[in-house]
Amino acid sequence: MTAFSNHQIVLTAIGEDRPGIVSELTQLVSDCHCNIIDSRIAILGCEFTFIMLLQGDMSAISRIEHVLPTKAMELGLLTMMKRTTSHTPSEFCAGYTLEYTGIDTPGTLSKVTRFFADNHISICSLKSDTFNEETDTKMRCEVEFNIPIDVDIDKFKISFESLSHTLNVDYIFKRIR
């Protein structure tokens, strides 16, 4: 591993959505000599949210920590930063997505994520939203996860089948790796 890849920081920015905000933030990252390793953008309500994993040498990481607060105030953003290290993925036998939909009912996502936790499965990515269909508000969710070597995927799927009936959701598992 090089010194460049040894230093990482997670940067989160939240603020009113407007054109050019992504350009401003990515230019700042570039000016500080950091590299964007991973990123996610979402518009939640009228708010823009941007999460980035940056890497650089110690000087670059220190520079972004020093420069970002001033730039954030200028752009009207709330920001947070946390230093981190490279993620070491655990061994897994397969990767899947779970997509489910149903009537929007409070607590459904909480029960699904508890099911994953109880089965010792970490969630890699999660996206959920609601939409109107005829007279109902429905929810949809997509969860990406890796199955650890010691988890029986068939038992996991059978258990989820039972949970899906309790929650009254339709679902699809797809193997992605």
Side-chain angles (χ1 to χ4, degrees), residues 1-92 95-101 104-117 120-132 137-146 148 174 176-177:
M1 237 184 206
T2 67
F4 182 76
S5 64
N6 254 347
H7 302 284
Q8 296 183 345
I9 191 165
V10 176
L11 184 155
T12 303
I14 303 169
E16 187 177 334
D17 184 35
R18 65 185 177 282
I21 198 160
V22 173
S23 176
E24 292 278 349
L25 288 171
T26 56
Q27 185 63 55
L28 175 69
V29 169
S30 180
D31 291 347
C32 289
H33 305 290
C34 288
N35 189 30
I36 301 170
I37 300 303
D38 197 357
S39 64
R40 306 285 188 280
I41 295 176
I43 305 301
L44 303 171
C46 291
E47 302 304 309
F48 158 86
T49 59
F50 196 5
I51 301 171
M52 294 182 275
L53 174 63
L54 309 178
Q55 80 175 11
D57 61 22
M58 185 57 76
S59 172
I61 298 299
S62 295
R63 191 174 305 117
I64 196 87
E65 288 175 318
H66 177 74
V67 174
L68 181 65
T70 303
K71 188 65 167 181
M73 285 184 61
E74 180 184 308
L75 297 172
L77 299 172
L78 295 173
T79 59
M80 181 174 63
M81 294 173 279
K82 184 177 187 303
R83 287 187 185 209
T84 189
T85 56
S86 295
H87 177 69
T88 306
S90 43
E91 286 193 53
F92 62 92
Y96 285 84
T97 58
L98 162 66
E99 297 173 19
Y100 70 85
T101 59
D104 187 27
T105 307
T108 301
L109 183 57
S110 174
K111 289 173 184 160
V112 169
T113 57
R114 171 54 39 207
F115 175 79
F116 276 81
H120 309 287
I121 296 173
S122 294
I123 294 171
C124 303
S125 173
L126 184 147
K127 181 180 180 186
S128 67
D129 63 359
T130 59
F131 61 97
N132 293 322
T137 300
K138 296 191 111 180
M139 59 158 169
R140 67 182 145 219
C141 183
E142 183 175 320
V143 181
E144 184 179 317
F145 59 98
N146 293 323
K174 293 180 187 171
I176 56 173
R177 57 184 158 272

Going from OG1 on T130 to CG on D104, what distance comes out if it is rounded to the nearest 0.5 angstrom? 5.5 Å
Is T49 reaching over with its side chain to a backbone N or O of A42, donor-acceptor style, under 3.5 angstrom? yes
Smallest separation among heavy atoms of M58 and R83, with atom names: SD-NH1, 3.1 Å
Quick one: closest heavy-atom pair of Y100 and M139, and the distance? CE1-SD, 3.9 Å
Among side-chain atoms of S59 and R63, is any donor-acceptor pair under 3.5 angstrom? yes
Are F50 and L77 packed together at the side-chain level, in the sense that at least one heavy-atom pair is separated by less than 4.5 angstrom? no
Mind checking the CD-CG spacing from Q55 to D57? Nearest 0.5 Å is all I need. 10.0 Å
What closest approach, in Å, do C141 and L109 show between heavy atoms, and which atom pair accounts for it? SG-CD1, 3.9 Å
Residue of the set I21, D17, V22 for which side chain to side chain contact (heavy atoms under 4.5 Å, CB included) holds with I41: V22
Show the nearest heavy-atom pair for residues M52 and S39, with the distance to one decimal. CG-CB, 4.0 Å
Would you indicate whether the side-chain heavy atoms of L25 and F48 approach each other to under 4.5 Å? yes
Please report the closest heavy-atom contact between V29 and I64, naming both atoms and the distance. CA-CD1, 4.0 Å
Take the angle between the ring planes of F145 and Y96 and call it parallel below 30°, perpendicular above 60°, tilted in between. parallel
Cationic N near anionic O, under 4.0 Å, E24 to R18: no
Do D129 and R140 have side chains that approach each other closer than 4.5 Å (heavy atoms only, starting at C-beta)? yes
Contact between L54 and M81 at the side-chain level, heavy atoms closer than 4.5 Å - yes or no? no
Are there over 12 heavy-atom neighbours, none belonging to E65, within less than 6.0 Å of that residue's CD? yes
